[in-house]
Undergrad: 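Take a look at this one; I'll ask things after.
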Protein chains: 2
Amino acid sequence: MAATIKMVAELAGVSVATVSKYLNGGNVYAENRIKVQAAVDALNYKVNEVARSLKTNKTNTIGILAPSIQSIFITGVISQIQYKLLECGYSTLIVDYQMNDDLEKRQLDILLKRQVDGIVIFPRENEKDLVNTIKDQNIPVVTVDNMLEGIACDAVLADNMGGAYEATEELIKHQHKRIGIIAGPAYMYTAKERLKGYFRAHEDYFIGLEEELICYGEYTEQSGYKCFNELMNLREPPTAIFVTNYHMTIGALGAVNERNMKLPEELSLIAFDQLEFASIMRPPISVVEQPLKQIGEKVAEIILRRMKEDWRDFPHIERLKTTLKRTGSVAGNIIK
Amino acid sequence: MAATIKMVAELAGVSVATVSKYLNGGNVYAENRIKVQAAVDALNYKVNEVARSLKTNKTNTIGILAPSIQSIFITGVISQIQYKLLECGYSTLIVDYQMNDDLEKRQLDILLKRQVDGIVIFPRENEKDLVNTIKDQNIPVVTVDNMLEGIACDAVLADNMGGAYEATEELIKHQHKRIGIIAGPAYMYTAKERLKGYFRAHEDYFIGLEEELICYGEYTEQSGYKCFNELMNLREPPTAIFVTNYHMTIGALGAVNERNMKLPEELSLIAFDQLEFASIMRPPISVVEQPLKQIGEKVAEIILRRMKEDWRDFPHIERLKTTLKRTGSVAGNIIK
DNA sequence: TTGAAAGCGTTACCAT
DNA sequence: ATGGTAACGCTTTCAA
């Protein structure tokens with residue numbers, strides 16, 4: 001049976017109120033401080049956060065609603081959020097909805113029932129209702145890696161357009177004119193932004209866009225594989241391909257192997273996302289990396305501010321710079 | 001302001017006791033059921049789990065204490081645990097101690113203060129004290145991917161010895177006689193077991209062990225790189241290498257590239273762990289995979305049983321079979 | 001500075 | 001079946 005504040009008070013010979021004040025850093029006679037601390041030690045007392053939460057109406061917990069916890073992007077960001085929040089005395093309740101709409105609702109419900117003080121959500125597409133539900137309860141919410149259009153909500157994401165622009169530009173500068181893109185689902189904000197970066201780079205360098213060079217995948221390995229083959233089966237295949245996320249890159253590289261193609265001689269390739277294995281591929285894969293740490297830090301910072309009722313810059317949209325890692329998967333003469 | 005049970009009771013014109021009974025599936029007049037449900041809907045009432053927990057002394061939460069949530073092994077297992085527990089109405093509070101002893105203690109403290117009903121821990125080495133602390137509080141605890149020796153505790157892990165045996169045997173069957181191993185830290189249980197499998201296979205096939213072929217890494221990328229080079233710099237280097245975890249495999253493969261070596265012609269290689277990229281390497285890397293899902297399921301099953309006070313088979317040690325994926329990174333004539 | 005007591009939202013006992 | 005009420009462990013107000 002765990003010790004309670006009452007037991008501590010009795011052992012120390014003071015009132016419960018005094019113990020509470022001591023524990024929360026209030027003014028207590030030096031003499032009593034010692035007695036209370038002795039009792040705490042003797043009983044190995046630990047405050048019951050459940051009771052505290054009920055009384056204070058604050059759980060010091062923020063919920064994180066993620067589509068999956070098996071993606072390095074997501075866990076990297078979450079890990080950083082956790083770390084930052086921990087410093088400020090907050091815990092995180094992470095729930096994973098396995099890309100399933102129903103489960104997502106249930107999981108959000110759980111977070112709400114547990115009275116989390118704030119929510120971080122990695123939306124996929126249609127969670128406007130969810131976000132509104134949360135806002136209705138006056139719970140701060142920050143979205144990550146996506147923007148829910150037509151809704152006022154803080155959001156933190158990578159500069160997807162900028163990153164995609166940089167990737168495309170890198171290919172263009174290597175003299176590529178026919179650049180294929182394996183894009184994400186047309187309804188996803190990040191996918192749209194990445195595509196936009198690809199478009200802009202073409203415009204800026206006066207290269208015409210070819211419809212057939214744009215293939216929409218589903219951010220999955222299978223679709224990456226399929227799109228890659230579609231692009232390479234064109235009458236006039238691209239000389240370079242930009243793959244816009246991790247899983248599709250795996251699929252595309254599988255197809256590269258199957259076709260026994262040599263990178264970068266036969267094809268230049270550049271990817272978007274965190275690729276732990278990028279450096280050990282032969283050749284290493286050039287990649288536009290997202291700033292995981294900074295994203296996590298920014299999310300934590302914003303949600304902490306909101307929980308302190310600081311709404312000055314609401315809604316805040318933060319786009320963080322990506323990093324292009326140039327390695328050996330892009331070939332061609334460099335112009336410029 | 002969120003609705004409370006009292007507000008529901010008032011609106012429905014019944015007592016809070018009746019509402020509570022209704023919510024918890026007790027016997028309530030059909031007429032009242034309807035009235036209460038109507039009030040619940042009207043107010044968008046959601047039970048306050050914090051208050052419920054205080055009263056029932058159960059949080060329906062289990063804590064997961066992991067060294068990091070950025071490893072696919074760990075997140076794969078956690079994801080499965082979450083999923084299974086969710087079905088039974090439990091949530092999971094995941095905390096990540098970033099391989100840091102102090103942080104680990106703090107995080108455990110948080111779990112305890114939050115009154116979790118059970119704890120799953122991925123220990124590294126010296127968490128016997130921690131586990132005892134938990135047991136002292138009568139909180140069920142299950143360890144994953146490690147065995148704390150000299151302590152009675154449920155444990156679920158891959159059959160590390162069997163998997164390592166199989167990997168080594170695979171190499172032996174391809175006529176390799178000088179097989180290097182990049183082992184884990186000598187103090188880690190899983191590392192010891194994997195090494196033991198390597199030893200046993202040598203014994204069973206009457207191949208002498210060579211001290212110099214055993215290199216102890218730290219389960220990190222850097223150490224994998226370093227060990228690989230040490231092995232290949234031997235006067236008589238191995239013809240095959242068994243790398244015993246994910247990170248060291250990345251390091252080793254980096255060294256392979258740097259040396260511009262051709263797998264499997266110049267060296268056979270086999271790895272242990274989940275390697276998402278194994279199949280897209282050229283050649284694909286043969287790998288002994290851990291049964292993530294089954295590990296997660298088993299953990300959930302055991303902790304659920306313990307929380308129900310079913311201690312029949314305590315302490316239960318479960319070793320789950322690994323799977324050898326044969327691909328193209330092992331060469332040699334096959335004997336059998 | 002201290003302590004008695006109210007009350008957070010819920011459950012569960014017990015009388016009705 | 002229903003409802004009044006005590007109790008869970010804590011914080012906070014207010015009087016002393």
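Letters go in sequence order (proteins before strands), and every chain restarts at 1.
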Undergrad: In whole angstrom, give the distance that lies between atom CE of Met7(B) and atom P of dT10(C).
TA: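 The answer, rounded to whole Å, is 10 Å.
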Undergrad: What's the CG-C1' distance between Asn32(A) and dT2(C), to the nearest Å?
TA: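 Distance check: Asn32(A) CG to dT2(C) C1' gives 8 Å.
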Undergrad: Does the protein touch nucleotides 9-16 of chain D at the base, only the backbone, or not at all? Give it as B, S and - per nucleotide, heavy atoms under 4.0 Å.
TA: BBBB----
Undergrad: For the helix from dT1(C)-dA16(D) to dT16(C)-dA1(D), figure out the bend between the end axes, five pairs an end, and round to 10 degrees.
TA: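 The end axes of the helix from dT1(C)-dA16(D) to dT16(C)-dA1(D) are about 40° apart, to the nearest 10°.
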Undergrad: In whole Å, I'd like the distance from the CG atom of Asn60(B) to the C1' atom of dT11(C).
TA: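 In whole Å, dT11(C) C1' and Asn60(B) CG are 14 Å from each other.
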Undergrad: Between Thr61(A) and Gln115(A), is any pair of side-chain heavy atoms under 4.5 Å apart?
TA: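 No; the side chains remain at least 4.5 Å from each other.
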Undergrad: Could you tell me if Ser91(B) and Arg114(A) have a donor-acceptor pair between their side chains, going purely by distance under 3.5 Å?
TA: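 Short answer, yes.
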Undergrad: Check this for me: does any side-chain nitrogen of one of Glu318(A) and Lys298(A) sit under 4.0 Å from a carboxylate oxygen of the other?
TA: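 Looking at Glu318(A) and Lys298(A), the cut-off is met.
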Undergrad: Is the shortest side-chain N to carboxylate O distance from Asp101(B) to Arg124(B) below 4.0 Å?
TA: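 Here Asp101(B) pairs with Arg124(B) in a salt bridge, since their nearest N and O are under 4.0 Å apart.
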Undergrad: Could you tell me whether the side chains of Ser15(B) and Thr18(B) share a donor-acceptor contact shorter than 3.5 Å?
TA: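 Yes.
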Undergrad: Looking at Asp310(A) and Lys308(A), is any side-chain nitrogen of the basic one under 4.0 Å from a carboxylate oxygen of the acidic one?
TA: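 Looking at Lys308(A) and Asp310(A), the cut-off is not met.
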Undergrad: Between Ile317(B) and Asp154(B), is any pair of side-chain heavy atoms under 4.5 Å apart?
TA: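 Result no, sub-4.5 Å side-chain heavy-atom pair not found.
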Undergrad: Please tell me if Thr18(A) has a side-chain N or O lying less than 4.0 Å from either OP1 or OP2 of dG3(C).
TA: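 Affirmative; the distance criterion is met.
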Undergrad: Would you call Arg305(B)-Glu301(B) a salt bridge at under 4.0 Å N-O?
TA: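 Looking at Arg305(B) and Glu301(B), the cut-off is met.
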